[in-house]
Peer 1: 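Structure provided below as structure tokens; questions to follow.
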Amino acid sequence: MPSVKVVRWGILATGGIARTFTKDLLLDPSTRGVDSVKHVVSAVASSHSIERAREFIIECGCPDATRAYGSYSGLARDEDIDIVYVASPHSHHYQHAMLCLEAGKNVLCEKPITVNADQVKRLIKKAQEKGLFLMQALWTRYLPPSIYVSDVIQSGRIGNVHRITADTSIAMDPERNFADGNHRMVNPDLAGGALLDLGPYSLSWCFQAVLASQPEVDPPSVVSAVKRYKTRVDETTTMILTFPRAEENGGDIHGIATASMRVSMDADGRGSVGPCVRVQGDKGEIQVFPPSYRPTKTRVVLSDGSIEDRAWEYPGPGKGSGWYNGFGELNAEGEGHGMFWEADEAAMALIEGRKEGRRESLKEVVHMIEMMDKVRDQHRDSSLLGLIVPALQAVGRKYTMSHMMRS
Ligand SMILES: NC(=O)C1=CN([C@@H]2O[C@H](COP(=O)(O)OP(=O)(O)OC[C@H]3O[C@@H](n4cnc5c(N)ncnc54)[C@H](OP(=O)(O)O)[C@@H]3O)[C@@H](O)[C@H]2O)C=CC1
Ligand SMILES: O=C1OC[C@@H](O)[C@H](O)[C@H]1O
């Protein structure tokens, strides 16, 4: 019987994904075959109010002893926490992760870990100085179907990888769902847009596939196309990446990473569109079916005509933690969401004394964020609308959205 190590979590922010993550954290690890770690939610902080933190604790079913804070700094100072999960909007990840690192806390920070490469480099430097663990919560990398994809590529079954296509598009109907322009998805003050919100998944699949086919990845080059929404954030972004590889190993690898809040990677919600990720080698390909961030089906198609389908389930006892799609909670009865796997990884890293996650190095994270910097550089908004719309929004928000202004 292995000894069970307890890892004490602090939850920073009480929005949608914090709720999903916390409910997943509280699911019994034995339901997914994990018997070496136990997650405890020790404290929750809301920048809005302590009451909101208390409501969150009750709603998520955290233990009665869970401490509530009405400020993030209170949480960062709490000495009985091993690791903080940062779940604020990405505009604020840098300052909130830095707050925790400076207070000596290990950090698991939602994707994208920061909005630019300079910020993530500073976080890494701080974590290194303090000897702390830091991980981007790109949960998809820790899902069993995702690990399987890497294994298939590594096994050589699909041959030498030459091209990857990866789409993360969620048809969220922004005019209907976010008409006032305040939601983080469309709000420039909260670093809204498809690139930063959905792009990390598509980019991650490209990087993951390249890394599964070779030990190191040099930063790729990128060319991109961007279409803006009326709030001036990007609603659809298309990136073509070239990963350099020596001629004798097969030459460059192409990645086509797409992200959209307008169209869908899964139009009818039943997978009829086909795969959202394809990793193509010279002996066949592996396909991942939508959604790209939480796949439920994979298919290996080889040039000898063979096809191997696999269905993937997300464990969780009885009624699971529900399925959070970023702007609403759908019902996923009987399943967990799957965020517990990244939590298990972070916990195991603490127990083993590792400073980063095993499946996405901090070096790779820097490369990925640099890609998104380059895309923004290629599409600076110098149009008249680009100047006027954010200015009008700022005036409007001053009167209507005071809660958004807090830091
Ligand atoms: N891994 C995944 O599957 C998903 C990841 N995400 C990522 O998680 C992060 C949060 O997304 P999500 O939970 O959907 O967002 P929400 O808007 O639902 O929640 C964000 C929370 O952050 C806190 N917050 C702190 N400062 C601000 C501010 N200035 N304006 C608004 N909220 C603020 C608030 O909590 P409080 O008042 O308690 O402080 C708020 O509830 C994003 O970076 C996103 O990319 C999102 C969805 C899915
Ligand atoms: O990370 C995410 O995954 C699911 C999406 O719906 C959401 O917008 C995004 O933040």
Side-chain angles (χ1 to χ4, degrees), residues 10-22 24 44-57 59-60 68-75 85-97 99 108-115 135-143 168-174 177-178 182-202 204 235 259-261 264-266 276 290-295 321-330 337-343 372 397 401-407:
I11 308 294
L12 185 151
T14 60
I17 204 61
R19 209 165 52 230
T20 303
F21 178 86
T22 303
D24 260 14
V44 173
S46 169
S47 62
H48 188 268
S49 63
I50 194 166
E51 286 72 33
R52 187 168 289 183
R54 287 192 184 120
E55 282 161 19
F56 178 97
I57 288 169
E59 195 210 311
C60 293
Y69 292 99
S71 76
Y72 296 160
S73 47
L75 179 85
Y85 169 65
V86 174
S88 49
H90 22 280
S91 50
H92 290 62
H93 287 173
Y94 171 73
Q95 74 186 73
H96 297 150
L99 173 78
L108 173 66
C109 181
E110 259 310 331
K111 39 61 60 181
I113 187 165
T114 57
V115 293
M135 176 173 143
Q136 170 170 255
L138 218 146
W139 63 305
T140 309
R141 290 295 269 269
Y142 293 89
L143 303 179
T168 309
S169 298
I170 58 174
M172 56 163 44
D173 195 352
N177 289 308
F178 313 132
N182 293 323
H183 190 276
R184 68 169 184 81
M185 284 300 292
V186 293
N187 186 340
D189 286 354
L190 298 179
L195 173 67
L196 284 168
D197 189 68
L198 306 168
Y201 294 111
S202 299
S204 168
E235 70 167 51
S260 179
M261 57 174 101
S264 178
M265 64 185 141
D266 189 21
C276 53
S292 61
Y293 42 81
R294 187 184 186 271
S321 60
W323 164 286
Y324 177 64
N325 68 0
F327 52 101
E329 202 160 348
L330 311 177
H337 193 68
M339 305 191 90
F340 35 68
W341 280 303
E342 68 176 353
M372 298 196 282
R397 263 190 299 279
M401 291 299 296
S402 54
H403 76 280
M404 291 291 188
M405 299 303 221
R406 67 184 182 270
S407 57

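Order of appearance sets the numbers: ligands from 1, and atoms from 1 within every ligand.
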Peer 1: Using a 3.5 Å cut-off on N or O atoms only, is H96 in polar contact with ligand 1?
Peer 2: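 By distance alone, the answer is no.
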Peer 1: Under 4.5 Å between any side-chain heavy atoms of Y85 and E110, yes or no?
Peer 2: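 Side-chain contact under 4.5 Å: yes.
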Peer 1: Would you please test M339 and I17 for side chain to side chain contact (heavy atoms under 4.5 Å, CB included) and show each step?
Peer 2: CA-CA 10 Å; M339 305 191 90; I17 204 61; 3.8 Å; yes
Peer 1: Indicate yes or no: does an N/O atom of P112 lie under 3.5 Å from an N/O atom of ligand 1?
Peer 2: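 By distance alone, the answer is no.
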Peer 1: List every atom of ligand 2 that sits less than 4.0 Å from any heavy atom of Y201, numbering the atoms from 1 in the order shown and giving each element.
Peer 2: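 Per the distance check, 1 (O), 2 (C), 3 (O).
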Peer 1: Between E110, R184, H92, flag the one that comes closest to atom 44 (C) of ligand 1 by a heavy atom.
Peer 2: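 Looking at heavy atoms only, the winner is R184.
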Peer 1: Side chains of F178 and R184: does their closest heavy-atom pair fall under 4.5 Å?
Peer 2: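 Side chain of F178 against side chain of R184, heavy atoms only: no contact under 4.5 Å found.
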Peer 1: Out of G70, C109, A87, P200, whose heavy atom is nearest to atom 20 (C) of ligand 1?
Peer 2: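 That would be A87.
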Peer 1: Does N177 reach the side chain of H183, with side-chain heavy atoms less than 4.5 Å apart?
Peer 2: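 N177 does not reach H183 side chain to side chain.
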Peer 1: Are W139 and W341 side-chain neighbours, meaning at least one heavy-atom pair lies under 4.5 Å?
Peer 2: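 Not touching, per the 4.5 Å side-chain cut-off.
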Peer 1: Pick one of side chain, backbone, both or neither for how M339 approaches ligand 1, counting any non-hydrogen atom pair under 4.0 Å.
Peer 2: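 For M339, only side-chain atoms sit under 4.0 Å from ligand 1.
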Peer 1: Do H337 and T20 get their side chains close enough for a donor-acceptor pair, meaning under 3.5 Å?
Peer 2: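 No, no side-chain donor-acceptor pair sits under 3.5 Å.
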Peer 1: Ligand 1 versus F56, non-hydrogen atoms closer than 4.0 Å: side chain, backbone, both, neither?
Peer 2: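 The answer is neither.
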Peer 1: Taking non-hydrogen atoms only, is M261 closer than 4.0 angstrom to ligand 2 via side chain, backbone, both or neither?
Peer 2: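 It is neither part, as no heavy atom is under 4.0 Å.
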Peer 1: Which atom names give the shortest non-hydrogen contact between L196 and P112, and what distance separates them?
Peer 2: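 Nearest heavy atoms, L196 then P112: O-CD, 3.2 Å.
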Peer 1: Tell me which part of T20 gets within contact of ligand 1: side chain, backbone, both or neither, using heavy atoms under 4.0 Å.
Peer 2: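 Neither part.
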Peer 1: Within less than 4.0 angstrom of ligand 2, does H183 place any heavy atom?
Peer 2: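 No, that is not the case, since the closest heavy atom of the residue is not under 4.0 Å from the ligand.
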Peer 1: Does at least one non-hydrogen atom of R19 fall below 4.0 angstrom from an atom of ligand 1?
Peer 2: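 The answer is no: ligand 1 sits nowhere under 4.0 Å from a heavy atom of R19.
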Peer 1: Distance under 4.0 Å to a non-hydrogen atom of H93: what atoms of ligand 1 satisfy this?
Peer 2: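 What qualifies from ligand 1 is 43 (O).
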Peer 1: Which of the numbered atoms in ligand 2 are below 4.0 angstrom from a heavy atom of I170?
Peer 2: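 Reading through ligand 2 atom by atom, the close ones are 6 (O), 8 (O).
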Peer 1: Can a salt bridge be assigned to the pair D197 and K111 using a cut-off of 4.0 Å between side-chain N and carboxylate O?
Peer 2: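 The answer is yes: the pair qualifies as a salt bridge.
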Peer 1: Relative to the heavy atoms of T14, which atoms of ligand 1 are at a distance of less than 4.0 Å?
Peer 2: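 Going through ligand 1 atom by atom, the ones under 4.0 Å from T14 are 35 (O), 36 (P), 38 (O), 41 (O).
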Peer 1: With a 4.0 Å cut-off on heavy atoms, does F21 reach ligand 1?
Peer 2: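 It does not, in that no heavy atom of F21 comes within the 4.0 Å cut-off of ligand 1.
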Peer 1: Please identify which atoms of ligand 1 are closer than 4.0 Å to at least one heavy atom of A13.
Peer 2: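 Heavy-atom distances to A13 below 4.0 Å select 21 (C), 22 (O), 23 (C), 35 (O), 38 (O).
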Peer 1: May I ask you to identify, for R52, whether its side chain, its backbone, both or neither come under 4.0 Å of ligand 1 on a heavy-atom basis?
Peer 2: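 Side chain only.
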Peer 1: Between L190 and ligand 1, does any nitrogen or oxygen pair lie at a separation below 3.5 Å?
Peer 2: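 Checking ligand 1 against L190, no N or O pair falls under 3.5 Å apart.
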Peer 1: Checking contacts here: is it the side chain or the backbone of K111 that comes within 4.0 Å of ligand 2, counting heavy atoms only? Could be both or neither.
Peer 2: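 Side chain only; the backbone of K111 stays clear of ligand 2.
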Peer 1: Counting heavy atoms only, which of P89, G16, A53 comes nearest to atom 26 (N) of ligand 1?
Peer 2: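 Checking each option, the heavy atom nearest atom 26 (N) of ligand 1 is found in P89.
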Peer 1: Counting C-beta onward and ignoring hydrogens, is there a side-chain heavy-atom pair between M185 and L190 closer than 4.5 Å?
Peer 2: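 When only atoms from C-beta onward are counted, L190 and M185 do not touch, as no gap falls below 4.5 Å.
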Peer 1: Using side-chain heavy atoms (C-beta onward) and a distance below 4.5 Å, is L138 in contact with Y201?
Peer 2: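 Result yes, sub-4.5 Å side-chain heavy-atom pair found.
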Peer 1: Numbering the atoms of ligand 2 from 1, which are under 4.0 Å from a heavy atom of D197?
Peer 2: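 Those qualifying, in numeric order: 7 (C), 8 (O), 9 (C), 10 (O).
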Peer 1: What atoms of ligand 1 come closer than 4.0 angstrom to any heavy atom of H48?
Peer 2: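 Under 4.0 Å from H48, ligand 1 has these atoms: 37 (O), 39 (O).
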Peer 1: Out of all atoms in ligand 1, which are within 4.0 Å of some heavy atom of Y72? Include the element for each.
Peer 2: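 Here the atoms of ligand 1 in question are 23 (C), 24 (N), 25 (C), 35 (O), 36 (P), 39 (O).
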Peer 1: Can you measure from OG (S46) to CD1 (I11) and round to the nearest 0.5 angstrom?
Peer 2: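 Rounded to the nearest 0.5 Å, the OG-CD1 separation comes out at 13.0 Å.
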Peer 1: Give the numbers and elements of all ligand 2 atoms closer than 4.0 Å to a heavy atom of R184.
Peer 2: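 Listed by number with element: 8 (O), 10 (O).
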Peer 1: Which of the atoms in ligand 1, numbered in the order shown and given with their element, are less than 4.0 Å from a heavy-atom of S88?
Peer 2: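 Counting atoms of ligand 1 from 1, those under 4.0 Å from S88 are 9 (C), 10 (C), 22 (O), 42 (C), 43 (O).
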Peer 1: Any donor-acceptor pair under 3.5 Å linking the side chain of H93 with the backbone of V86?
Peer 2: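 Answer holds: no.
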Peer 1: Do S88 and L12 make a side-chain contact, defined as non-hydrogen atoms from C-beta onward lying under 4.5 Å apart?
Peer 2: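 Result yes, sub-4.5 Å side-chain heavy-atom pair found.
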Peer 1: Sort out for me which residue in R52, R54, R19 forms a salt bridge (Lys or Arg N to Asp or Glu O under 4.0 Å) with E59.
Peer 2: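 Per the salt bridge (Lys or Arg N to Asp or Glu O under 4.0 Å) rule, the option paired with E59 is R19, out of R52, R54, R19.
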Peer 1: Before signing off on this row, confirm whether Y201 and ligand 1 have an N or O atom pair separated by under 3.5 Å.
Peer 2: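 Looking only at distances, the answer is yes, because the N/O contact criterion of under 3.5 Å is met.
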Peer 1: Which ligand 1 atoms does H90 reach within 4.0 Å, using its non-hydrogen atoms?
Peer 2: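 It comes down to these atoms of ligand 1: 42 (C), 43 (O), 44 (C), 45 (O).
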Peer 1: Is ligand 1 less than 4.0 angstrom away from at least one heavy atom of W139?
Peer 2: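 Yes; W139 lies near enough to ligand 1 that a heavy-atom distance drops under 4.0 Å.
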Peer 1: Donor-acceptor pair, distance only, cut-off 3.5 Å: does the side chain of S260 make one with the backbone of S169?
Peer 2: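 Judged by distance alone, no pair lies under 3.5 Å.
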Peer 1: With the side chain counted from C-beta on, respond yes when E342 and R141 share a heavy-atom pair under 4.5 Å apart, and no when they do not.
Peer 2: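 No, their side chains stay 4.5 Å or more apart.
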